[in-house]
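This report concerns only the one structure given below.
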Amino acid sequence: MNKKILLVVLILLVLCAVLVFLGLRQDTVPAGSDGGEEVQSVQQQEEIPEPITATLAVCGDIMSHSPQTNDAYDAATDTYSYLPCFQYVKPWIEGADYAVANFETTLNGPPYSGYPQFCAPDALAYDIKTIGFDLVTTANNHAMDKGFNGVVRTLDTLDQAGLAHVGGYRTQEEYDQSKGVVLADVGGISVAFLGYTYGTNGIPIAAENDFCLNRFNTDYMDTCSTMDQEKLKAELDYAQSLEPDLIAVMIHWGIEYQTTQNEYQTQVADFLIANGADLILGSHSHVPQPMETRTVTLEDGSPRSAFVSYSLGNFVSNQSPATVSVNYTDTTAVLNLELTKDFATGQTTVTNVSYVPLLVLNRGTGVQDQYLILDVNAGMASHDAGDTSVVTDAVYAKLQYALEGCHNILGAEYDTAGSPPTEAAA
(Lines give C-alpha, C1' and ligand atoms only; values in the text may rest on other atoms or scores of the structure.)
Protein backbone atom coordinates (compact mmCIF):
# COMPACT_ATOMS: atom_id res chain seq x y z
CA MET A 1 0.00 0.00 0.00
CA ASN A 2 2.77 2.49 0.82
CA LYS A 3 4.53 1.68 -2.43
CA LYS A 4 1.38 2.48 -4.43
CA ILE A 5 0.98 5.82 -2.69
CA LEU A 6 4.61 6.65 -3.35
CA LEU A 7 4.18 5.78 -7.03
CA VAL A 8 1.13 8.03 -7.33
CA VAL A 9 2.99 10.91 -5.69
CA LEU A 10 5.93 10.51 -8.09
CA ILE A 11 3.61 10.49 -11.09
CA LEU A 12 1.89 13.67 -9.86
CA LEU A 13 5.26 15.41 -9.37
CA VAL A 14 6.34 14.49 -12.90
CA LEU A 15 3.07 15.84 -14.34
CA CYS A 16 3.48 19.11 -12.42
CA ALA A 17 7.04 19.50 -13.69
CA VAL A 18 5.89 18.96 -17.29
CA LEU A 19 3.10 21.52 -16.93
CA VAL A 20 5.47 24.10 -15.44
CA PHE A 21 7.98 23.52 -18.25
CA LEU A 22 5.32 23.95 -20.93
CA GLY A 23 4.16 27.17 -19.28
CA LEU A 24 7.65 28.58 -19.30
CA ARG A 25 8.04 27.67 -22.97
CA GLN A 26 4.90 29.68 -23.79
CA ASP A 27 6.14 32.73 -21.88
CA THR A 28 9.59 32.70 -23.50
CA VAL A 29 9.04 32.17 -27.22
CA PRO A 30 12.30 31.34 -29.06
CA ALA A 31 13.97 34.33 -30.75
CA GLY A 32 13.79 32.54 -34.10
CA SER A 33 9.98 32.37 -34.09
CA ASP A 34 7.61 35.17 -35.18
CA GLY A 35 6.64 35.97 -31.62
CA GLY A 36 10.26 36.32 -30.52
CA GLU A 37 11.04 38.71 -33.37
CA GLU A 38 8.11 40.87 -32.35
CA VAL A 39 9.33 41.07 -28.75
CA GLN A 40 12.87 41.92 -29.85
CA SER A 41 11.59 44.59 -32.28
CA VAL A 42 9.61 46.29 -29.53
CA GLN A 43 12.60 46.22 -27.20
CA GLN A 44 14.86 47.71 -29.90
CA GLN A 45 12.36 50.49 -30.62
CA GLU A 46 12.26 51.34 -26.94
CA GLU A 47 16.05 51.44 -26.66
CA ILE A 48 16.85 53.68 -29.69
CA PRO A 49 16.74 57.37 -28.70
CA GLU A 50 14.94 59.93 -30.78
CA PRO A 51 17.10 61.89 -33.28
CA ILE A 52 18.92 64.97 -31.95
CA THR A 53 18.66 68.22 -33.92
CA ALA A 54 20.91 71.22 -33.30
CA THR A 55 21.71 74.52 -35.01
CA LEU A 56 25.23 75.65 -35.87
CA ALA A 57 25.41 79.38 -36.71
CA VAL A 58 28.34 80.36 -38.93
CA CYS A 59 29.50 83.94 -39.51
CA GLY A 60 32.22 85.62 -41.56
CA ASP A 61 35.12 87.92 -40.73
CA ILE A 62 35.06 89.83 -37.43
CA MET A 63 37.27 92.86 -38.00
CA SER A 64 38.00 96.18 -36.30
CA HIS A 65 39.28 98.85 -38.64
CA SER A 66 40.35 102.07 -36.93
CA PRO A 67 37.00 103.85 -37.51
CA GLN A 68 35.23 100.95 -35.79
CA THR A 69 37.62 101.06 -32.85
CA ASN A 70 37.06 104.80 -32.53
CA ASP A 71 33.29 104.32 -32.66
CA ALA A 72 33.47 101.72 -29.87
CA TYR A 73 35.28 104.12 -27.55
CA ASP A 74 33.41 105.89 -24.75
CA ALA A 75 35.49 108.89 -23.60
CA ALA A 76 33.36 109.38 -20.49
CA THR A 77 34.32 105.97 -19.10
CA ASP A 78 37.54 105.41 -21.07
CA THR A 79 36.19 102.03 -22.16
CA TYR A 80 35.29 100.26 -25.39
CA SER A 81 32.06 98.52 -26.33
CA TYR A 82 31.04 96.94 -29.62
CA LEU A 83 27.69 95.78 -28.28
CA PRO A 84 25.56 98.50 -29.93
CA CYS A 85 26.81 97.31 -33.32
CA PHE A 86 25.50 93.79 -32.68
CA GLN A 87 22.09 94.64 -31.20
CA TYR A 88 19.99 93.64 -34.23
CA VAL A 89 21.86 90.45 -35.07
CA LYS A 90 22.34 89.18 -31.51
CA PRO A 91 19.16 87.03 -31.39
CA TRP A 92 20.37 84.97 -34.33
CA ILE A 93 23.71 84.26 -32.66
CA GLU A 94 22.51 83.53 -29.14
CA GLY A 95 19.54 81.57 -30.52
CA ALA A 96 21.81 78.91 -32.07
CA ASP A 97 23.11 75.93 -30.14
CA TYR A 98 26.65 76.90 -31.17
CA ALA A 99 28.06 79.87 -33.10
CA VAL A 100 31.42 80.28 -34.84
CA ALA A 101 33.24 82.97 -36.83
CA ASN A 102 36.63 84.07 -38.17
CA PHE A 103 38.38 86.43 -35.73
CA GLU A 104 40.48 88.58 -38.06
CA THR A 105 42.41 90.83 -35.72
CA THR A 106 44.91 90.52 -32.91
CA LEU A 107 44.37 91.51 -29.28
CA ASN A 108 47.85 92.76 -28.45
CA GLY A 109 46.87 95.63 -26.16
CA PRO A 110 47.25 99.37 -26.88
CA PRO A 111 48.11 101.17 -29.06
CA TYR A 112 45.30 99.90 -31.28
CA SER A 113 45.54 99.81 -35.06
CA GLY A 114 43.56 98.96 -38.15
CA TYR A 115 44.67 97.97 -41.63
CA PRO A 116 47.24 96.76 -42.58
CA GLN A 117 48.24 95.33 -39.19
CA PHE A 118 45.24 94.91 -36.93
CA CYS A 119 45.09 95.22 -33.15
CA ALA A 120 41.71 95.68 -31.46
CA PRO A 121 40.64 96.36 -27.86
CA ASP A 122 40.04 93.30 -25.71
CA ALA A 123 36.39 94.37 -25.46
CA LEU A 124 35.80 92.89 -28.92
CA ALA A 125 36.40 89.37 -27.60
CA TYR A 126 34.22 89.87 -24.52
CA ASP A 127 31.43 91.44 -26.57
CA ILE A 128 31.21 88.70 -29.20
CA LYS A 129 31.08 86.20 -26.35
CA THR A 130 28.24 88.23 -24.80
CA ILE A 131 26.15 88.06 -27.98
CA GLY A 132 26.52 84.28 -28.17
CA PHE A 133 29.64 83.27 -30.08
CA ASP A 134 31.24 80.06 -28.79
CA LEU A 135 34.31 79.46 -30.95
CA VAL A 136 36.47 81.48 -33.35
CA THR A 137 39.26 80.56 -35.70
CA THR A 138 42.36 82.73 -35.42
CA ALA A 139 44.01 81.09 -38.43
CA ASN A 140 43.95 83.90 -40.99
CA ASN A 141 46.34 86.17 -42.88
CA HIS A 142 46.31 88.79 -40.09
CA ALA A 143 47.14 86.38 -37.25
CA MET A 144 50.82 87.40 -37.27
CA ASP A 145 50.19 91.17 -37.54
CA LYS A 146 51.75 91.73 -34.11
CA GLY A 147 54.19 88.85 -34.25
CA PHE A 148 54.36 85.79 -32.05
CA ASN A 149 53.66 87.83 -28.91
CA GLY A 150 50.46 89.03 -30.55
CA VAL A 151 49.39 85.43 -31.17
CA VAL A 152 49.98 84.55 -27.52
CA ARG A 153 48.19 87.57 -26.07
CA THR A 154 45.25 87.13 -28.43
CA LEU A 155 44.75 83.54 -27.32
CA ASP A 156 45.16 84.50 -23.66
CA THR A 157 42.46 87.15 -24.03
CA LEU A 158 40.08 84.81 -25.85
CA ASP A 159 40.51 82.33 -23.00
CA GLN A 160 39.74 85.04 -20.44
CA ALA A 161 36.63 86.00 -22.40
CA GLY A 162 35.44 82.39 -22.42
CA LEU A 163 35.78 81.86 -26.18
CA ALA A 164 37.06 78.60 -27.57
CA HIS A 165 39.54 79.01 -30.42
CA VAL A 166 41.22 76.93 -33.09
CA GLY A 167 44.12 77.42 -35.50
CA GLY A 168 46.59 79.23 -33.22
CA TYR A 169 48.86 77.92 -30.44
CA ARG A 170 51.11 79.34 -27.74
CA THR A 171 53.45 76.40 -27.27
CA GLN A 172 54.43 73.20 -29.01
CA GLU A 173 52.88 71.30 -26.11
CA GLU A 174 49.56 73.10 -26.59
CA TYR A 175 49.47 72.08 -30.24
CA ASP A 176 50.58 68.52 -29.47
CA GLN A 177 47.79 68.07 -26.94
CA SER A 178 45.07 68.86 -29.50
CA LYS A 179 46.79 68.13 -32.84
CA GLY A 180 44.93 71.20 -34.09
CA VAL A 181 41.48 69.87 -33.19
CA VAL A 182 38.81 71.31 -30.88
CA LEU A 183 36.02 68.88 -30.01
CA ALA A 184 32.83 70.80 -29.26
CA ASP A 185 29.36 69.87 -28.04
CA VAL A 186 26.89 71.42 -30.48
CA GLY A 187 23.53 70.85 -28.86
CA GLY A 188 24.31 67.23 -28.07
CA ILE A 189 26.15 66.59 -31.36
CA SER A 190 29.94 66.33 -31.22
CA VAL A 191 31.77 68.38 -33.85
CA ALA A 192 35.54 68.40 -34.31
CA PHE A 193 36.73 71.84 -35.49
CA LEU A 194 40.02 72.52 -37.29
CA GLY A 195 41.33 75.90 -38.52
CA TYR A 196 43.78 76.83 -41.31
CA THR A 197 45.03 79.86 -43.23
CA TYR A 198 46.59 80.08 -46.68
CA GLY A 199 49.32 82.47 -45.46
CA THR A 200 50.38 85.41 -43.30
CA ASN A 201 50.64 88.40 -45.68
CA GLY A 202 54.33 87.70 -46.09
CA ILE A 203 55.14 87.81 -42.38
CA PRO A 204 57.53 84.92 -41.63
CA ILE A 205 57.07 82.60 -38.70
CA ALA A 206 60.30 81.79 -36.90
CA ALA A 207 61.32 78.15 -37.00
CA GLU A 208 61.12 77.86 -33.21
CA ASN A 209 57.49 79.07 -33.36
CA ASP A 210 56.41 77.01 -36.37
CA PHE A 211 53.65 75.44 -34.25
CA CYS A 212 51.89 78.77 -33.57
CA LEU A 213 49.67 79.01 -36.67
CA ASN A 214 48.00 76.32 -38.78
CA ARG A 215 48.70 76.82 -42.49
CA PHE A 216 47.43 74.56 -45.26
CA ASN A 217 50.13 75.59 -47.75
CA THR A 218 53.79 74.64 -47.58
CA ASP A 219 54.65 77.80 -49.55
CA TYR A 220 52.75 80.22 -47.30
CA MET A 221 55.33 82.98 -47.83
CA ASP A 222 55.10 83.23 -51.63
CA THR A 223 52.70 81.62 -54.11
CA CYS A 224 50.43 79.97 -51.50
CA SER A 225 49.55 77.29 -54.01
CA THR A 226 51.07 74.04 -52.69
CA MET A 227 48.79 72.12 -50.40
CA ASP A 228 50.37 70.56 -47.31
CA GLN A 229 48.59 67.27 -47.82
CA GLU A 230 50.62 65.42 -45.20
CA LYS A 231 49.68 67.88 -42.44
CA LEU A 232 46.02 68.09 -43.45
CA LYS A 233 45.62 64.33 -43.64
CA ALA A 234 47.38 63.73 -40.31
CA GLU A 235 45.17 66.22 -38.49
CA LEU A 236 41.99 64.99 -40.14
CA ASP A 237 42.97 61.43 -39.24
CA TYR A 238 43.41 62.52 -35.64
CA ALA A 239 40.03 64.25 -35.69
CA GLN A 240 38.44 61.02 -36.94
CA SER A 241 40.16 59.06 -34.16
CA LEU A 242 38.16 61.12 -31.64
CA GLU A 243 34.99 59.66 -33.20
CA PRO A 244 33.04 62.92 -33.51
CA ASP A 245 29.66 63.02 -35.21
CA LEU A 246 30.98 65.59 -37.72
CA ILE A 247 34.29 67.20 -38.70
CA ALA A 248 34.26 70.93 -39.57
CA VAL A 249 37.22 72.69 -41.20
CA MET A 250 37.32 76.48 -40.89
CA ILE A 251 39.61 77.67 -43.66
CA HIS A 252 40.95 81.06 -44.79
CA TRP A 253 41.39 80.86 -48.57
CA GLY A 254 40.56 82.23 -52.01
CA ILE A 255 40.97 85.64 -53.61
CA GLU A 256 39.82 88.86 -51.98
CA TYR A 257 36.75 90.58 -53.44
CA GLN A 258 35.81 87.69 -55.76
CA THR A 259 32.21 86.54 -55.38
CA THR A 260 32.98 83.08 -56.77
CA GLN A 261 35.40 80.43 -55.57
CA ASN A 262 38.50 79.67 -57.63
CA GLU A 263 39.87 76.34 -58.84
CA TYR A 264 42.37 75.99 -56.00
CA GLN A 265 39.60 76.35 -53.42
CA THR A 266 37.70 73.47 -55.02
CA GLN A 267 40.88 71.36 -55.13
CA VAL A 268 41.51 71.95 -51.43
CA ALA A 269 37.84 71.28 -50.65
CA ASP A 270 37.93 67.98 -52.52
CA PHE A 271 41.02 66.87 -50.60
CA LEU A 272 39.43 67.80 -47.27
CA ILE A 273 36.22 65.95 -48.14
CA ALA A 274 38.10 62.85 -49.28
CA ASN A 275 39.95 62.81 -45.96
CA GLY A 276 37.01 63.16 -43.62
CA ALA A 277 35.67 66.73 -43.59
CA ASP A 278 31.87 66.99 -43.33
CA LEU A 279 31.62 70.80 -43.14
CA ILE A 280 34.00 73.29 -44.81
CA LEU A 281 33.50 76.85 -43.58
CA GLY A 282 35.54 79.35 -45.58
CA SER A 283 36.55 82.98 -45.17
CA HIS A 284 38.93 85.68 -46.52
CA SER A 285 37.23 87.08 -49.64
CA HIS A 286 35.47 89.94 -47.71
CA VAL A 287 32.46 89.36 -49.95
CA PRO A 288 30.07 86.41 -49.96
CA GLN A 289 30.86 83.39 -52.09
CA PRO A 290 28.56 80.45 -52.97
CA MET A 291 27.79 77.40 -50.88
CA GLU A 292 27.11 73.87 -52.03
CA THR A 293 26.95 70.21 -51.08
CA ARG A 294 30.02 68.86 -52.84
CA THR A 295 30.66 65.18 -53.66
CA VAL A 296 33.98 63.50 -54.42
CA THR A 297 34.75 59.95 -55.54
CA LEU A 298 37.05 58.06 -53.21
CA GLU A 299 39.78 55.65 -54.32
CA ASP A 300 37.46 52.68 -53.84
CA GLY A 301 34.90 54.29 -56.14
CA SER A 302 32.44 55.26 -53.42
CA PRO A 303 31.07 58.81 -53.16
CA ARG A 304 31.61 61.10 -50.18
CA SER A 305 29.84 64.44 -49.68
CA ALA A 306 30.28 67.52 -47.50
CA PHE A 307 28.68 70.93 -47.16
CA VAL A 308 30.94 73.78 -48.31
CA SER A 309 30.47 77.49 -47.62
CA TYR A 310 33.25 79.18 -49.57
CA SER A 311 32.87 82.54 -47.77
CA LEU A 312 30.33 84.65 -45.90
CA GLY A 313 32.21 87.93 -46.37
CA ASN A 314 32.63 90.46 -43.55
CA PHE A 315 30.49 89.87 -40.50
CA VAL A 316 31.58 93.32 -39.34
CA SER A 317 34.13 95.75 -40.80
CA ASN A 318 34.55 99.26 -42.14
CA GLN A 319 34.53 97.99 -45.71
CA SER A 320 31.76 99.00 -48.09
CA PRO A 321 31.42 100.15 -51.70
CA ALA A 322 32.01 103.68 -50.42
CA THR A 323 35.29 102.85 -48.65
CA VAL A 324 36.91 100.22 -50.90
CA SER A 325 34.91 100.60 -54.14
CA VAL A 326 33.94 96.91 -54.11
CA ASN A 327 30.31 95.78 -54.09
CA TYR A 328 29.06 93.51 -51.31
CA THR A 329 31.91 94.19 -48.89
CA ASP A 330 29.14 95.31 -46.50
CA THR A 331 26.90 92.33 -47.35
CA THR A 332 26.99 89.16 -45.29
CA ALA A 333 24.81 86.57 -43.56
CA VAL A 334 24.36 84.34 -40.56
CA LEU A 335 24.44 80.84 -41.98
CA ASN A 336 22.28 78.43 -39.99
CA LEU A 337 23.07 74.74 -40.41
CA GLU A 338 20.56 72.29 -38.95
CA LEU A 339 22.44 69.16 -37.85
CA THR A 340 20.59 65.93 -37.13
CA LYS A 341 21.99 62.87 -35.40
CA ASP A 342 19.93 59.77 -36.20
CA PHE A 343 20.60 57.04 -33.64
CA ALA A 344 18.78 54.44 -35.75
CA THR A 345 21.19 54.82 -38.68
CA GLY A 346 24.18 56.08 -36.73
CA GLN A 347 24.52 58.98 -39.16
CA THR A 348 24.75 62.73 -38.50
CA THR A 349 23.91 64.97 -41.44
CA VAL A 350 23.06 68.53 -42.44
CA THR A 351 19.28 68.35 -42.70
CA ASN A 352 18.56 72.01 -43.43
CA VAL A 353 20.48 75.05 -44.67
CA SER A 354 19.27 78.62 -44.29
CA TYR A 355 20.76 82.07 -43.89
CA VAL A 356 19.86 85.50 -42.55
CA PRO A 357 20.86 88.26 -45.03
CA LEU A 358 22.73 91.07 -43.27
CA LEU A 359 23.97 94.56 -44.10
CA VAL A 360 26.80 96.20 -42.17
CA LEU A 361 25.53 99.77 -42.09
CA ASN A 362 28.05 102.60 -41.72
CA ARG A 363 25.95 105.62 -40.77
CA GLY A 364 28.87 108.03 -41.07
CA THR A 365 30.91 109.97 -38.54
CA GLY A 366 29.36 112.24 -35.97
CA VAL A 367 26.53 109.89 -34.99
CA GLN A 368 26.20 107.63 -32.00
CA ASP A 369 26.58 103.97 -32.92
CA GLN A 370 28.08 104.56 -36.34
CA TYR A 371 28.08 100.84 -37.22
CA LEU A 372 25.03 98.58 -37.10
CA ILE A 373 24.64 95.05 -38.45
CA LEU A 374 21.08 95.01 -39.78
CA ASP A 375 18.90 91.99 -40.41
CA VAL A 376 17.89 92.78 -44.00
CA ASN A 377 14.46 91.14 -43.98
CA ALA A 378 13.52 92.49 -40.56
CA GLY A 379 14.79 95.97 -41.44
CA MET A 380 12.79 96.14 -44.66
CA ALA A 381 9.69 94.88 -42.88
CA SER A 382 10.14 97.55 -40.21
CA HIS A 383 10.39 100.28 -42.86
CA ASP A 384 7.35 98.91 -44.70
CA ALA A 385 5.42 99.13 -41.43
CA GLY A 386 6.26 102.82 -41.17
CA ASP A 387 9.23 102.77 -38.76
CA THR A 388 12.02 104.85 -40.31
CA SER A 389 13.95 105.52 -37.11
CA VAL A 390 16.82 103.29 -38.29
CA VAL A 391 15.88 102.21 -41.80
CA THR A 392 15.44 105.42 -43.73
CA ASP A 393 14.64 105.44 -47.44
CA ALA A 394 18.36 105.58 -48.22
CA VAL A 395 19.11 102.67 -45.89
CA TYR A 396 16.18 100.75 -47.39
CA ALA A 397 17.84 100.98 -50.80
CA LYS A 398 21.05 99.54 -49.31
CA LEU A 399 19.07 96.70 -47.76
CA GLN A 400 17.55 95.91 -51.13
CA TYR A 401 21.00 95.80 -52.71
CA ALA A 402 22.29 93.50 -49.94
CA LEU A 403 19.29 91.20 -50.37
CA GLU A 404 19.92 91.02 -54.09
CA GLY A 405 23.57 90.18 -53.49
CA CYS A 406 22.77 87.42 -51.02
CA HIS A 407 20.18 85.91 -53.33
CA ASN A 408 22.46 86.01 -56.37
CA ILE A 409 25.51 84.62 -54.56
CA LEU A 410 24.16 82.38 -51.78
CA GLY A 411 20.85 81.40 -53.37
CA ALA A 412 17.41 82.88 -52.75
CA GLU A 413 15.99 79.50 -51.77
CA TYR A 414 18.01 79.45 -48.53
CA ASP A 415 16.93 82.91 -47.33
CA THR A 416 14.93 82.90 -44.10
CA ALA A 417 12.39 84.96 -46.07
CA GLY A 418 11.53 87.38 -43.32
CA SER A 419 11.00 84.92 -40.47
CA PRO A 420 13.52 86.00 -37.82
CA PRO A 421 12.97 85.74 -34.08
CA THR A 422 10.64 88.55 -33.05
CA GLU A 423 13.32 90.21 -30.93
CA ALA A 424 15.63 90.44 -33.97
CA ALA A 425 13.49 92.96 -35.80
CA ALA A 426 15.26 96.24 -36.53
Side-chain angles (χ1 to χ4, degrees), residues 57 59-94 99-138 140 142-143 145-146 150 153-163 165 283 286 312-320 322-324 329-332 334 358-375 379 389-391 395 398 424 426:
C59 296
D61 304 332
I62 296 175
M63 310 187 75
S64 188
H65 291 88
S66 292
Q68 294 170 259
T69 303
N70 295 337
D71 183 50
Y73 181 65
D74 183 345
T77 59
D78 192 27
T79 59
Y80 291 84
S81 176
Y82 294 82
L83 291 175
C85 177
F86 301 130
Q87 59 187 291
Y88 298 117
V89 72
K90 178 182 178 182
W92 287 107
I93 309 302
E94 65 182 3
V100 302
N102 169 46
F103 195 74
E104 196 154 356
T105 181
T106 68
L107 302 170
N108 197 46
Y112 305 123
S113 56
Y115 182 82
Q117 294 187 328
F118 289 94
C119 180
D122 296 351
L124 181 59
Y126 288 88
D127 289 350
I128 65 172
K129 174 63 177 179
T130 295
I131 68 168
F133 280 102
D134 299 287
L135 176 144
V136 294
T137 175
T138 60
N140 54 64
H142 287 286
D145 280 2
K146 298 299 178 180
R153 192 183 184 284
T154 298
L155 300 182
D156 287 345
T157 305
L158 292 173
D159 283 343
Q160 292 161 14
L163 279 165
H165 47 82
S283 58
H286 301 302
L312 291 170
N314 295 320
F315 180 70
V316 64
S317 80
N318 183 56
Q319 292 188 325
S320 70
T323 60
V324 292
T329 46
D330 55 357
T331 298
T332 183
V334 176
L358 303 175
L359 172 76
V360 183
L361 177 65
N362 181 347
R363 301 199 291 176
T365 58
V367 300
Q368 186 177 7
D369 304 334
Q370 179 179 346
Y371 297 90
L372 296 173
I373 305 175
L374 297 183
D375 176 331
S389 58
V390 174
V391 182
V395 172
K398 292 182 178 181

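This one's a predicted model, so the numbers in the text were calculated from it and none came from an experiment. All heavy atoms count here, side chains included; hydrogens, waters and symmetry mates do not. All residue numbers in this chain count up from 1 along the given sequence.
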- prompt: Please walk me through it: do Tyr115 and Asn318 pass side-chain hydrogen bond (donor to acceptor under 3.5 Å, both in side chains)?
  reply: CA-CA 10 Å; Tyr115 182 82; Asn318 183 56; over 6 Å; no

message: Test side chain to side chain contact (heavy atoms under 4.5 Å, CB included) on Leu135 and His165; report intermediate values, then the result.
response: CA-CA 5 Å; Leu135 176 144; His165 47 82; 5.9 Å; no

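In this structure, Ile93 and Cys59 have side chains that are in contact, with non-hydrogen atoms separated by less than 4.5 Å. Looking at heavy atoms from C-beta onward, Pro121 lies in side-chain contact with Thr69 at the 4.5 angstrom threshold. At a threshold of 4.5 Å between non-hydrogen side-chain atoms, the residues Ser317 and Gln68 count as touching. The side-chain heavy atoms of Val395 and Val390, taken from C-beta on, include no pair separated by under 4.5 Å. Asp134 places none of its side-chain heavy atoms less than 4.5 Å from the side chain of Val100. Considering only heavy atoms from C-beta on, Phe103 stays 4.5 Å or farther from Thr137 through its side chain. Looking at heavy atoms from C-beta onward, Ile131 lies out of side-chain contact with Glu94 at the 4.5 angstrom threshold. The side-chain heavy atoms of Val89 and Leu374, taken from C-beta on, include no pair separated by under 4.5 Å.
Pairing each heavy atom of Tyr88 with each of Pro91, the nearest pair is O-CD, 3.9 Å. Nearest heavy-atom pair, Pro84 versus Gln87, reported as atom, atom and distance to 0.1 Å: O-NE2, 2.8 Å. Across every non-hydrogen atom of Val316 and Cys85, the tightest pair is CG2-SG, 3.7 Å. The minimum heavy-atom distance linking Pro111 with Cys119 is given by the pair O-SG, 4.1 Å.
No donor-acceptor distance shorter than 3.5 angstrom exists from the side chain of Gln370 to the backbone of Val367, with no hydrogens or angles considered. A donor-acceptor pair under 3.5 Å is formed between the side chain of Asn70 and the backbone N or O of Ser66. Looking at Ser64, its side chain never comes within 3.5 Å of a backbone N or O of Thr105 through a donor-acceptor pair.
The aromatic ring centres of Phe133 and Phe315 sit less than 6.0 Å apart.
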Residues 123-130, side-chain donor-acceptor partners within the protein, below 3.5 Å, at least two apart:
from, atom 1, to, atom 2, distance (Å)
Asp127, OD2, Tyr82, N, 2.7
Lys129, NZ, Gly162, O, 3.2
Thr130, OG1, Tyr126, O, 2.9

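In terms of the ring-ring contact (aromatic ring centres under 6.0 Å, His included) criterion, residue partners of Tyr73 (sequence neighbours excluded) are, by chain and number, Tyr80. Taking the side-chain hydrogen bond (donor to acceptor under 3.5 Å, both in side chains) definition, one finds that Asn102 meets it with Asp61, Glu104, Asn140, sequence neighbours left out. Partners of Thr365 according to the side-chain hydrogen bond (donor to acceptor under 3.5 Å, both in side chains) rule, which considers only residues two or more places apart in sequence or in another chain, do not exist here. Scored by the salt bridge (charged side-chain N to carboxylate O under 4.0 Å, His left out) test, Asp369 finds no partners at all (sequence neighbours excluded). Taking the ring-ring contact (aromatic ring centres under 6.0 Å, His included) definition, one finds that His65 meets it with Phe118, sequence neighbours left out.
Rounding to the nearest 0.5 Å gives a distance of 12.5 Å between CG of Leu372 and CG of Asp375. Atom OG1 of Thr154 and atom CG of Leu107 lie 4.5 Å apart (nearest 0.5 Å).
With Ile373 as the partner, the side chain to side chain contact (heavy atoms under 4.5 Å, CB included) test is satisfied by one option alone out of Leu358, Leu359, Leu361: Leu358. With Arg153 as the fixed residue, the salt bridge (Lys or Arg N to Asp or Glu O under 4.0 Å) test singles out one of Asp159, Asp122, Asp145: Asp122. Among Asn314, Thr329, Asp330, the one residue that satisfies the side-chain hydrogen bond (donor to acceptor under 3.5 Å, both in side chains) test with Gln319 is Asn314.
Counted within 6.0 Å of NZ on Lys146, heavy atoms from surrounding residues, nucleotides or ligands total more than 12; the atom is thus considered enclosed.
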